[in-house]
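Numbers restart at 1 for each chain; the letters A, B, ... are given by sequence-line order, proteins then strands.
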Amino acid sequence: MTKQHANWSPYDNNGGSCVAIAGSDYCVIAADTRMSTGYNILTRDYSKISHLAEKCVMASSGFQADVKALQKVLSARHLTYQHQHNKQMSCPAMAQLLSNTLYYKRFFPYYSFNVLGGLDSEGKGCVFTYDAVGSYERVGYSSQGSGSTLIMPFLDNQLKSPSPLLLPAQDAVTPLSETEAVDLVKTVFASATERDIYTGDKVEIVILNASGIHREFMDLRKD
Amino acid sequence: MDSVSESQRTLYPYVTGSSVVAIKYKDGILMAADMGGSYGSTLRYKSVERLKPIGKHSLLGASGEISDFQEIMRYLDELILYDNMWDDGNSLGPKEVHNYLTRVMYNRRNKFNPLWNSLVLGGVKKGQKYLGTVNMIGINFEDNHVATGLGNHLARPILRDEWNENLTFEEGVRLLEKCMRVLLYRDRSAVNKIQ
């Protein structure tokens, strides 16, 4: 008797785009708030951003149930870390933890495309970008999700990331000021909304800097 | 050994319920579902209760496989029983029940043996209204108005247009009746008896 294949898929793509930009003393992380399935919108007001540690924020798009589970696993691990080490996890440490957690499920992956943003131990902005199984890289800016193909080239053009082949190694962190970076993010989402059906409704922008965390929303096209 | 485990997994739903529609109104939650249980394209059962109260604060509505719904009710009965046995003056609110259901649905999906339902969980605790939904692969969210199945296509647009924060009970009931009427006209598995 041949093995019957399941007639349902355990995965679904709930769409959405995430962006993160690192600055000299701040980090901007943004994601839209639309959750969709197929050609339908499930809800217009769903946050894809999770505040994992004091100086570390994650934005994830993809399959929402996996994203939720991933956020819960990371928060629980962070709580354990706090109890054991009596301090908050630094952003690079959380980055490694996220990579390991994703690879742990290498053969039944979390369908979650993440960007991690925050301040490193020197107070400089850092952004880490991931694929679904945990390969990661520290970069100056990144985007993931359904709109990333539209957003990434625009960010490459505006933020002129230096080639990693240059010597001496140049800093990928952008010289833009915080308000300029936030404006760039707003422009980027407005443009992505025009052409990507899964991006829209609202964008949630989180700014992490030395004085703490600040959150703002901007309305996007609802079609 | 493999064939034994295959035959114990849900492959197709057999007896199914159609859509559930729910809204938040001024004083709480309103939920509606018809009372039909279809066996494929036959309307087999015409008095299936698909809305059930959970504990003191919540209401659960289910569409999809009826037997899986009854299984979920068994899990929830046990959950509420343990909660009552603590006898600590606190009782599980809708948010907690919704979280529990999400975890149950997600874990079943991880084992490739899903509970073939789309659930709507609504309730009021200490004046706070809550309305959320979970489906068979674990996708969950909360909103001011939710619907499952065909209701998502037919009822949600009506609700997006006509819902507001301060619906009275009568207005809410009228709005839900409108949605159920549209579903009756256009959903072949709907019946004209509503709970």
Next on the checklist: Looking only at heavy atoms and a cut-off of under 4.5 Å, which of B/Asn152, B/Val146, B/Asn110 has the most pairs with chain A?
Outcome noted: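 Of the candidates given, the most pairs with chain A belong to B/Asn110.
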Checklist entry - Hey, which of B/Arg156, B/His145, B/Met105 has the most heavy atom pairs under 4.5 Å with chain A? => result B/Arg156
Item to check | A/Arg221 to A/Phe189 six-membered ring, cation-pi geometry met (6.0 Å, 45°) | outcome: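 Ring-cation test returns no.
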Item to check | Cationic tip of B/Lys95 above B/Tyr130 ring, under 6.0 Å, 45° of axis | outcome: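 Negative - B/Lys95 is either too far from the ring of B/Tyr130 or too far off its axis.
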Next on the checklist: Run B/Asp27 and B/Lys129 through salt bridge (Lys or Arg N to Asp or Glu O under 4.0 Å) and show every step you take.
Outcome noted: CA-CA 8 Å; B/Asp27 305 320; B/Lys129 300 176 283 217; over 6 Å; no
Item to check | Nearest heavy-atom neighbours spanning A/Ile21 and A/Val127 | outcome: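 Heavy atoms of A/Ile21 and A/Val127 come nearest at C-CG2, 3.8 Å.
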Next on the checklist: So A/Glu216 and A/Ile205, do their side chains get closer than 4.5 Å, heavy atoms only?
Outcome noted: yes
Item to check | Atom group of B/Asn107 that falls short of 4.5 Å from chain A, counting heavy atoms | outcome: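 Neither part, no heavy atoms under 4.5 Å.
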Next on the checklist: Please classify the contact between A/Asn14 and chain B as side chain, backbone, both or neither, with a heavy-atom cut-off of under 4.5 Å.
Outcome noted: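 Only the side chain of A/Asn14 comes within 4.5 Å of chain B.
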Checklist outcome for this item: Cut-off 4.5 Å, heavy atoms of chain B, and the answer for A/Asp45 is neither
